[in-house]
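All heavy atoms count here, side chains included; hydrogens, waters and symmetry mates do not. Counting convention: from 1, in listed order, for ligands and their atoms alike. If you're wondering where the values come from, they're calculated on a predicted model, not measured in any experiment.
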Amino acid sequence: MTDRNADLFERAKALIPGGVNSPVRAFRAVGGTPRFVQRAQGAHFWDANGKRHIDYIGSWGPMILGHGHPAVLDAVQKAATDGFSFGAPTEREVELAEAIVDLVPSIEMVRLVSSGTEAGMSTIRLARGATGRKKIIKFEGCYHGHADALLVKAGSGLATFGNPTSAGVPPEVVQHTLVLEYNNVAQLDAAFAEHGADIACLIIEPIAGNMNFVRASVPFMTRCRELCTQHGALLAFDEVMTGFRVALGGAQSVYAKLIPGFEPDMTVMGKVIGGGMPLAAFGGKRAVMEQLAPLGPVYQAGTLSGNPVATACGLATLAEIRKPGFFDALSARTRSLVDGLQAEARKAGVPFSADSEGGMFGFFLLPELPQHYQAVMKTDGAVFNKLFHGLLDRGVYIAPALYEAGFVSAAHSAQDIEETLAAAAQVFGALR
Ligand SMILES: *Cc1c(COP(=O)(O)O)cnc(C)c1O
């Protein structure tokens, strides 16, 4: 039988670097041939060989309703009929801004862009412009898009500035980016003690989804807030992954329940907000947001920003997830997956830990949930790869790398979860 995935990958590799338009799709961490997606519906997609997969990636988060939700499809088709892009303002941009401000209390004003990368990059520029400071803090294992200043790993010592993680980024460009260990309060204290007056912002994934799934501890998050307030730095939540995904109000609403009065100053959003279309946003307090052009001196722009088809998709998606009970049902379904995996792993004697919030989950082939990147990376990659391919062979598609989170959609049925657990039981059994 011809393997159309393999044929397409060969054609792709001749023309597109690595055969893909975003690196993790290439399966380099796990080996094997990427699946080329032909079509998708609900919780499933079909690859180029016509094989069905239960999809736990959902375009890396956006597809919270599953694929091809009828109300979203209808909104997108209508919007497309009215025009693809105008380069002039539209009513739906106002409606989407109203919805965001309504759902996320810390946001008073918002600007729409087309990718999480743009939103993160613009947030950093705005924070620097608004504070008149240069330095930023980020955490190892958190991803904020591929802007130059954020492609950085920790330097040699505590509270030293970082080194580029990509060729093409001169060290000078990351010289103001301080990289700290996630959930490490002592390092955070030391960094602010030394550089506090120069720090424009601290950017963080509140529940990190780019080192699998790691929650910021409550004492750590409390300290982030205290130190930013005390030193006049902006606390920027990168909720590109967690926004409208872990809860209707994002991860900040989860922390607001644990830390009385908690709010970030700035929020970066993407993924679910566009429902699968290129749409992202950043927002925060009015006084900061008014520093943006054309009101203020911080430049930021985009030909396709607030695109009318993308805003229609985002609005229709938000309208569905706002319905009463949506997140309760999604959380319960996700929890049933995570608990089921845990039970199957225990039966098979495989070291395992797992966590979830709303429709986002992570699991580790480690006996305890890791608290930072270095701990995540202690996972045995060879065992993870066996698990990945075992599931893939059985039609269960999880992220092809051990440092990525997973996503459940509202379209995942109890039967999808059951099939997944049956496949996992077989694969765990073979791992021993
Ligand atoms: C995906 C992601 C980004 C980048 O968004 P793109 O739309 O891929 O540019 C930024 N931050 C976080 C937390 C993400 O998960």
Quiz item: Do any pairs count as a side-chain hydrogen bond (donor to acceptor under 3.5 Å, both in side chains) and have a residue in residues 246-256, sequence neighbours left out, and if so which ones?
Solution: Ser106-Gln252, Glu239-Gln252, Gln252-Thr267

Quiz item: Under a 4.0 Å heavy-atom cut-off, what residues line ligand 1?
Solution: Ser115, Gly116, Thr117, Tyr143, His144, Gly145, Glu205, Asn210, Asp238, Val240, Met241, Lys271

Self-check item: Residue among Ile136, Thr131, Thr123 satisfying side chain to side chain contact (heavy atoms under 4.5 Å, CB included) with Leu234
Solution: Thr131

Quiz item: Only one of Leu150, Val152, Asp148 forms a side chain to side chain contact (heavy atoms under 4.5 Å, CB included) with Val169, so which one is it?
Solution: Asp148

Quiz item: Taking only residues at least two apart or on different chains, which pairs with a member in residues 32-44 satisfy side-chain hydrogen bond (donor to acceptor under 3.5 Å, both in side chains)?
Solution: His44-Asp416

Can I get a per-line list of side-chain donor-acceptor pairs under 3.5 Å for residues 24-32, giving both atom names and the distance, sequence neighbours left out?
none

Quiz item: Using 4.0 Å as the upper bound for N to carboxylate O, is an ion pair formed by Asp82 and Lys78?
Solution: no

